[in-house]
Amino acid sequence: AMAQTVMNIKVKAVQKEHKYSGVQAFLGMTIMCTLLTTGLMLSQPQGTGGATNSSFHTLSLIFNQYITGELWPLQLTFLAAFAYHVEYALNFIFSGFVSNVSFSVSDIARRICIISIGSVMFNKTLTPMNWTGIGIAISGVLWYTYLNDQETKQKLVQAEQTKKSK
């Protein structure tokens, strides 16, 4: 999660510096990640039980079920990939409209939602430690939102006062 946050902030800085649109930044990131992932998959030695074997095994199981008439694993795989792709495209498009901190805070809120919905959907009982973490994260998101809102209101009041004094 920390690496993803750092990557999002760095990409946003490059996007701003070179005046890339969100779509251009997303395309560049997609190409870079595809090349890196492909290189990593192909560099794994065969027969070691590494990522390549497990990835290819998983893919072969999914396509084998497709061949035998079971469409749902393949459909679910493509749906998950499509949803992830859309989520990241939207991240790059909308990241230009907010500060780095606001973007990171909204990402935390998104993760909290995913954890909460996932626990309900998959009937996973959350431990007291999980609930404590969710509570702390939600408190932080709400606190940041409140402080940001107060700062925005203060700036608006100052702008109005400056306008009236001119």
Side-chain angles (χ1 to χ4, degrees), residues 1-16 20-41 44 49-66 70-152:
M2 180 62 120
Q4 184 180 16
T5 301
V6 170
M7 182 191 75
N8 287 340
I9 291 170
K10 183 64 178 164
V11 166
K12 184 173 177 176
V14 169
Q15 182 180 355
K16 190 179 228 177
Y20 293 141
S21 71
V23 174
Q24 290 169 322
F26 174 69
L27 180 61
M29 222 25 213
T30 302
I31 291 168
M32 186 175 74
C33 288
T34 301
L35 293 174
L36 287 172
T37 304
T38 303
L40 286 172
M41 276 188 68
Q44 291 291 319
T52 304
N53 287 339
S54 63
S55 299
F56 288 137
H57 180 69
T58 302
L59 285 174
S60 69
L61 287 175
I62 290 169
F63 283 108
N64 188 34
Q65 287 181 325
Y66 172 72
E70 294 277 343
L71 293 178
W72 71 267
L74 187 62
Q75 291 168 337
L76 187 60
T77 301
F78 282 117
L79 181 63
F82 178 73
Y84 190 77
H85 180 77
V86 168
E87 174 200 348
Y88 250 71
L90 292 174
N91 276 348
F92 279 95
I93 291 169
F94 294 120
S95 69
F97 297 112
V98 296
S99 71
N100 290 339
V101 176
S102 294
F103 184 75
S104 294
V105 169
S106 66
D107 193 44
I108 291 167
R110 176 190 62 85
R111 289 171 194 219
I112 293 168
C113 290
I114 289 171
I115 290 168
S116 302
I117 292 169
S119 70
V120 171
M121 282 179 58
F122 299 111
N123 200 22
K124 170 91 169 102
T125 304
L126 297 176
T127 66
M129 181 72 84
N130 297 139
W131 285 111
T132 302
I134 289 172
I136 291 170
I138 289 173
S139 298
V141 167
L142 293 175
W143 185 39
Y144 174 80
T145 303
Y146 173 77
L147 292 177
N148 196 34
D149 187 51
Q150 294 302 311
E151 183 181 331
T152 302

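Below, all heavy atoms of this structure are taken into account, side chains as well, without hydrogens, waters or symmetry copies. Along the sequence shown, the residues carry numbers beginning at 1. Just so it is clear, the model here is predicted, and its values are computed rather than measured.
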- Item | Side chain Ser116, main chain Cys113, donor-acceptor under 3.5 Å |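 It does not hold such a pair.
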
- Task: Search all heavy atoms of Ile112 against all heavy atoms of Ile134 and return the closest pair with its distance.
- Result: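 Looking at all heavy atoms of both residues, the closest pair is CG2-CG2, 4.0 Å.
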
Interatomic distance, [X] atom [atom1] to [Y] atom [atom2] [nearest 0.5 angstrom]:
X      : Y      : atom1 : atom2 : answer
Leu142 : Asp149 : CG    : CG    : 12.0 Å
Ile136 : Trp131 : CD1   : CH2   : 14.0 Å
Ile108 : Tyr144 : CD1   : OH    : 10.5 Å

- Query: In terms of side-chain heavy atoms, does Ser102 have a donor or acceptor partner in Ser99 at a distance below 3.5 Å?
  - Reply: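 Yes.
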
- Item | Distance-only side-chain donor-acceptor flag, Thr127 / Asn130, under 3.5 Å |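 Thr127 vs Asn130: donor-acceptor pair found between side chains.
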
- Contact check, side chains of Leu147 and Gln150, non-hydrogen atoms, under 4.5 Å: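 When only atoms from C-beta onward are counted, Gln150 and Leu147 do not touch, as no gap falls below 4.5 Å.
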
